[in-house]
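Quick notes on the structure that follows.
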2 protein chains.
Amino acid sequence: MTLGWEEIRAEVLRRIRVRDWPPGALIPGEEALAEEFGVARATVNRALTALAEAGVIERKKRAGTRVAALPVRRARLEIPVIRLDVLGRGLAYDFRLMADRQVPAPVPVAARLGLPEGQPMRYLETLHLAGGLPFVLETRWLNPAVLPDPPPDFAAVSANEWLVTHVSLVSGDIAFTAEPATPREAEVMGVAPGTPLLVAERTTQGMAGPVTLVRLAHAPGHRVVMTF
Amino acid sequence: MTLGWEEIRAEVLRRIRVRDWPPGALIPGEEALAEEFGVARATVNRALTALAEAGVIERKKRAGTRVAALPVRRARLEIPVIRLDVLGRGLAYDFRLMADRQVPAPVPVAARLGLPEGQPMRYLETLHLAGGLPFVLETRWLNPAVLPDPPPDFAAVSANEWLVTHVSLVSGDIAFTAEPATPREAEVMGVAPGTPLLVAERTTQGMAGPVTLVRLAHAPGHRVVMTF
DNA sequence: AAGTGGTCTAGACCACTCG
DNA sequence: GAGTGGTCTAGACCACTTT
């Protein structure tokens with residue numbers, strides 16, 4: 001039986017787990033492992049690189065490879081388009097464009113996106129429905145500079161989906177908080193004001209500058225699940 | 001100037017962003033790209049593998065490499081030990097063990113961990129403090145089978161930290177929800193009952209079976225931030 | 001049947017950093 | 001200065017999937 005890089009990764013992981021190589025310990029160099037397993041050093045390198053990406057080991061030139069002392073667990077969140085998220089739950093998807101205005105950017109919005117205060121922006125409110133029930137209320141500030149002329153019809157394609165397919169998003173961040181439903185959210189989603197909602201706030205940067213700031217207020221009971 | 005795999009990754013990414021290669025399009029094969037860039041095929045492979053892991057492209061044998069039609073954005077969450085999380089925010093860390101009992105597993109807890117109902121479990125309540133103020137209330141069900149004899153003193157080292165350093169955690173999941181503060185949480189954290197709290201619920205499996213089910217109720221205003 | 005990505009090898013050079 | 005990981009090459013074989 002010949003060994004592949006995944007088997008070597010598994011074996012190294014096993015030795016770490018059974019504490020042959022305890023947290024903080026220096027493990028043998030690539031050359032030594034390659035010889036032990038009877039493979040090329042590149043194969044060992046592939047395995048160790050994968051473990052380093054997973055946060056299990058820490059590698060430094062000259063210093064060698066150590067088992068992470070306080071393993072930082074990394075969980076990955078896949079952020080799908082809302083339509084696919086709903087369909088993936090086995091529910092029918094629909095959405096309603098509740099508001100669509102051109103307004104000057106309020107101070108906090110402009111600040112978070114790095115745009116001048118008062119800059120004209122597109123304000124969109126979209127209610128996403130799952131199985132006919134409110135699923136997410138999307139409140140979006142959109143930099144109109146990224147839109148083509150004429151702009152797309154966000155009543156036909158949700159802004160969420162249009163952006164993903166038509167604008168090259170470069171970087172961004174997402175923050176989760178628990179917040180009481182605002183009066184507007186309560187009204188639109190049919191819950192009592194103050195009901196705890198899971199809110200995701202995302203900012204996104206494109207190649208030509210800031211693209212959008214969006215607040216997603218999820219219906220009560222919504223769970224964001226990640227595995228690691 | 002000679003090209004490395006990161007530069008090739010950047011160039012491919014650029015062509016995707018400027019829509020030389022639009023979503024859904026088939027991009028040239030590794031061999032062709034290697035020739036164009038004047039590098040070995042392995043170098044191109046390294047670059048494309050990285051892009052595939054990032055969800056930018058989709059690769060299939062025989063079918064070739066396509067630009068992802070609906071790019072699934074992937075965000076990574078690093079879950080540090082709570083103590084380091086607090087210190088990283090520039091605040092002093094402390095914790096108080098509020099409860100420590102041996103009790104039979106309630107049905108929902110046993111079910112989620114895959115343990116028999118009524119199994120004796122260690123129940124721990126730990127309040128983590130940041131700058132002297134409540135930061136997180138940790139409610140933990142712990143499978144005593146993973147503990148050594150004699151068991152550690154969780155009043156001296158928080159269960160959160162002891163587990164990370166002493167038990168080999170294999171897999172798990174984490175779910176975020178927004179929930180109203182329970183009366184107990186309200187009392188301990190000094191907030192009004194029903195206040196929206198960001199709750200993280202984690203289950204963890206070790207090599208020798210289920211390890212722990214923990215509920216982390218974060219103080220109001222807590223933000224979980226991820227970048228992508 | 002054929003073409004694609006996935007992987008491995010043996011060798012090499014380099015950058016970094018620790019002692 | 002020397003040893004480590006990071007990367008590249010040229011070639012090869014294989015598994016898979018689509019045609």
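Numbers restart at 1 for each chain; the letters A, B, ... are given by sequence-line order, proteins then strands.
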### With Phe37(B) via ring pair (Phe, Tyr, Trp, His ring centres under 6.0 Å) - residues at least two apart
none
### Query
Would Arg122(A) and Asp100(A) pass as an ion pair if we require N to O under 4.0 Å?
yes
### Summary
In B/S/- notation (B base, S sugar-phosphate only, - none; protein heavy atoms under 4.0 Å), nucleotides 12-19 of chain D written 5' to 3' is B--BSBBS
### Partner set under salt bridge (Lys or Arg N to Asp or Glu O under 4.0 Å) for Arg15(A), not counting sequence neighbours
Glu11(A), Glu36(A)
#### Entry: CG-CG distance between Leu124(A) and Asn160(A), expressed to the nearest 0.5 angstrom
11.0 Å
### Task
Return yes if some donor-acceptor pair links the side-chain N/O of Thr49(B) with the main-chain N/O of Asn45(B) below 3.5 Å, else return no.
yes
### Task
Kindly state each residue pair satisfying side-chain hydrogen bond (donor to acceptor under 3.5 Å, both in side chains) with at least one member in residues 60-71 of chain B, sequence neighbours excluded.
Arg59(B)-Thr65(B)
#### Entry: Test salt bridge (Lys or Arg N to Asp or Glu O under 4.0 Å) applied to Asp20(B) - qualifying residues, sequence neighbours left out
none
### Message
Looking only at the side chain of Trp5(A) (C-beta and beyond, no hydrogens), which of the listed nucleotides dC8(C), dT7(D), dT9(C) gets closest?
### Response
dC8(C)
### Task
Quantify the bending of the helix from dA1(C)-dT18(D) to dC18(C)-dG1(D) as the angle between its end axes, each fitted on five pairs, to 10°.
10°
### Query
For the side chain of Asn143(B) and the backbone of Pro210(B), is there at least one donor-acceptor N/O pair under 3.5 Å apart?
yes
#### Entry: Side-chain donor or acceptor of Thr165(A) paired with backbone N/O of Glu161(A) under 3.5 Å
yes
### Task
Starting at atom CZ of Arg59(A), determine the distance to atom P of dC18(C), rounded to an integer number of angstrom.
15 Å
#### Entry: Short side-chain N/O contact from Thr65(B) to OP1 or OP2 of dG5(C), under 4.0 Å
yes
#### Entry: Near-strand residues of residues 42-54 of chain A, defined as heavy-atom separation under 4.0 angstrom from DNA chain C
Ala42(A), Thr43(A), Arg46(A)
### Any residue meeting ring pair (Phe, Tyr, Trp, His ring centres under 6.0 Å) with His222(B), in chain and number order, not counting sequence neighbours
Phe135(B), His218(B)
### Query
DNA chain C: Glu6(A) or Gly64(B), which has the more 5' nearest nucleotide?
Gly64(B)
### Results of ring pair (Phe, Tyr, Trp, His ring centres under 6.0 Å) for Tyr123(A) - residues two or more places apart only
Trp141(A)
### Message
Under the rule for side chain to side chain contact (heavy atoms under 4.5 Å, CB included), what residues qualify as partners of Glu179(A), not counting sequence neighbours?
### Response
Thr177(A), Val199(A), Arg215(A)
### Task
Specify the residues of residues 22-37 of chain A, ordered by number, for which at least one heavy atom lies under 4.0 angstrom from an atom of DNA chain D.
Gly29(A), Glu30(A)
### Query
Which ring pair (Phe, Tyr, Trp, His ring centres under 6.0 Å) pairs, counting each pair once, include a residue from residues 53-96 of chain A, with sequence neighbours left out?
Tyr93(A)-His128(A)
